[in-house]
Amino acid sequence: MCTRFPPEPNGYLHIGHGKSICLNAGIARDYGGKFNLRFDDTNPVKEEEEYVESIVEDVRWLAPEFTAGPLFASDYFEQMYQWAEELIQKGLAYVDDLSAEEIRQYRGTLTEPGKESPYRYRSVAENLDLFRRMRAGEFPDGSRVLRAKIDMSSPNLNLRDPVMYRILHATHHRTGDAWCIYPMYDWAHGLEDSIEGITHSICTLEFEDHRPLYDWYLDQLGIYHPRQIEFARLNLTYTVMSKRWLLRLVQGGYVSGWDDPRMPTLSGLRRRGYTAEAIWDFAERIGVAKANSMVDLGLLEHCIREELNVRAPRALAVLHPLRVVVENYPEDQVEEFEVPNHPQRPELGTRPVPFSRVLYLERDDFMEQPPAKFFRLAPGREVRLMNAYYLTCVGVVKNAAGEIVELRCTYDPTSRGGVTPDGRKVKGTLHWVSAAHAIDAEVRLYDNLFLKENPYDVPEGQDFTVNLNPESLKVLTGCKLEPGLATAAPGDRFQFMRQGYFCVDSKDSRPGALVFNSTVGLKDTWAKIQQQPE
RNA sequence: UGGGGCGUGGCCAAGUGGUAAGGCGACGGACUUUGAAUCCGUUUACCGUAGGUUCGAAUCCUACCGCCCCAGCCA
């Protein structure tokens, strides 16, 4: 078993490529085979070194232990050229002087057969001479091509004498100016697979029509013949995967770059806090088939939640702070509570969290006039501060505009640790942070980039921007975090209790000026209840 | 109106002649110092449609319907 992932280095990898990488690398893993990362770098005008670097990084991140390479199609150019001469010798390829426009016209249409080029029956010697001179750089771009001689009346347009080589006086990111003719995908791909001994050449559905050509080249050459198998590419709700649209998002400044945490790119997901394991899990759950489908984004989110639930240490963080004064708590007293890093995994230990008279609570955890099912804090109501004390609201302080600016509360000294001697129960348990000890941080809350399940569904005459979610990014400043988070390093992941999973941004976070990205929220039953029409 | 594919519950997806796995979601309930997690249960599919073959069909045959891809010197 030998598989490969053959990206063209002309863009960043996204979750759809992730599916392909997991599929191919997974086969190699499961059957003890090989998996090659091979760049299909046959078009110098579109390809750049920047892209190969990002792709190598992404593939190594996803499948480090299975990946061989990087390999490059451009390393096989000489061999490909020799094989092209071989086809010419066999009378199976010819140099065509028709212009691009003429070739298009001669190709016919979906329903009408094509016409043969007047240059189709040149002698082998003339073809060889011309092809060598193409390589030598004697002709300008677009003046001639090498074509396979197959069947101009084939119902499969790919078989109507496909172009094998075009003249391109362009500098290649790896071969420099060594070549001025470059092989076309159909000609090159099977050869690359054959050279590497690929057994299963797995590609997406749109190449199904190309398979007869893939087979034809290999058969005519009589070289090792891998088998091409197609599968449906991934579509995700609320997400775009086309290079064109992704590029628009980046170039239009709708996102901060290819690795913006809202992007479905592997680098974006990584920066968002996704793990390689979660992406593998996702890839395995969605399966592989030939039916076009659209996978629910919720499944991807489920995968990362499930993993982070197990591995992410918990932390207390107040995103929308509301000041709370505990009136009966001594003015200058500070005590520390030992808080478990993970309630379900005691082996992860505890950490000290300071408590004092002035605290911050989440604004959403208080309602002056609570509806029926609200069981958090309200005037006269008692709740538990997680791992600390029971707290009762005794007063509300408002500003001139009538906005709540502070809560006055009392605590039950006998409830230390969050349990009372009388064993009385309380409905709500809230996260909190000591005002005097909290550290400030910026928190970036992300939502889907698009409002529609299918962002490509744009009303007639309108721009794709109508589907953009104006609230896909919310930057919160002045968030209050427990002091232990001060030493969090870029990439570190936490569960902010009762809220969701967050990671320290790998680009913008600095010690003393931390920036957290929301990876995914916790499931929120309360939000669901609130949305129900009463 | 040429060719190549695909159509199984809300979303994915097994199953290729023996009478419809699983996951996600949704909905109930238990438990709970995260309205999370966990646990239990429910969601009981005219297998695109219509015919046919067969003791028996999602699986085989025929016709029809719907959706996707192909006319780059892109990949």
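Order of the sequence lines fixes the chain letters, A, B, ..., with proteins taken first and strands second; residue numbering starts at 1 for each chain.
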G-U wobble or Watson-Crick pairing nucleotide for B:rG56 (cut-off 3.5 Å, both distances): none
Below 4.0 Å: OP1/OP2 of B:rU34 and any side-chain N or O of A:Lys523: no
Pair A:His431-A:Glu362, side-chain hydrogen bond (donor to acceptor under 3.5 Å, both in side chains): steps then yes or no: CA-CA 8 Å; A:His431 59 281; A:Glu362 206 67 57; 2.7 Å; yes
Any-strand Watson-Crick or G-U partner of B:rG10, both distances under 3.5 Å: B:rC24
Separation of B:rU34 C1' from A:Leu361 CG (nearest whole Å): 15 Å
Complementary nucleotide for B:rG2 - Watson-Crick or wobble, under 3.5 Å: B:rC70
Check: B:rG35 base within 3.5 Å donor-acceptor of A:Arg376 side chain: yes
B:rG72, syn or anti by chi within 90 degrees of zero: syn
Closest approach of A:Asp186 to A:His210 (non-hydrogen atoms, all atoms of both residues): OD1-ND1, 2.7 Å
Cation over ring face, A:Arg174 and A:Phe72, 6.0 Å, 45°: yes
Nucleic acid footprint by protein, nucleotides 69-75 of chain B - heavy-atom cut-off 4.0 Å, B for base, S for sugar-phosphate alone: BBBSBSB
Atom of A:Pro212, atom of A:Asn156 and distance for their closest heavy-atom approach: CG-ND2, 3.7 Å
Value in whole Å for how far the C1' atom of B:rG25 lies from CG of A:Leu297: 13 Å
Check: A:Trp526 ring centre within less than 6.0 Å of A:Phe374 ring centre: yes
Euclidean distance, atom CE of residue A:Met241 to atom P of B:rC68 [Å, nearest integer]: 18 Å
Among B:rC68, B:rA37, B:rA14, the one nearest A:Asn292 by side-chain distance: B:rC68
Touch class at under 4.0 angstrom, heavy-atom based, for A:Arg384 against every strand present: base
Phosphate contact (B:rU32 OP1 or OP2) by A:Thr429 side-chain N/O below 4.0 Å: no
Length of the line joining A:Phe231:CZ and B:rC6:C1', which is rounded to integer Å: 15 Å
Sugar-phosphate only, base, or nothing, as touched by A:Phe374 at under 4.0 Å among non-hydrogen atoms: base
Test: A:Arg144 cationic atom under 6.0 Å from A:Phe139 six-membered ring centre, within 45° of axis: yes
Distance, rounded to the nearest Å, where A:Leu236 contributes CG and B:rC11 contributes C1': 11 Å
Base B:rU34 paired with A:Gln495 side chain (donor-acceptor, <3.5 Å): yes
Cation-pi geometry met for A:Arg135 and A:Tyr81 (6.0 Å, 45°): yes
Minimum-distance nucleotide (side-chain atoms of A:Lys528 versus B:rA13, B:rG2, B:rC27): B:rC27
Touch class at under 4.0 angstrom, heavy-atom based, for A:Val45 against every strand present: nothing
Nearest-angstrom distance, C1' atom, B:rG56 to B:rU19: 8 Å
Residue matched to B:rA63 through Watson-Crick or wobble contacts both under 3.5 angstrom: B:rU49
Length of the line joining A:Leu300:CG and B:rG23:P, which is rounded to integer Å: 19 Å
Pair assignment for B:rG35, Watson-Crick or G-U wobble, requiring both distances under 3.5 Å: none
Whole angstrom value for the distance that separates P of B:rG4 from CZ of A:Arg160: 13 Å
Side-chain N,O (A:Arg285) to OP1/OP2 (B:rC12) below 4.0 Å: no
Touch class at under 4.0 angstrom, heavy-atom based, for A:Gln344 against every strand present: base
Salt bridge A:Asp193-A:Arg4, side-chain N to carboxylate O under 4.0 Å: yes
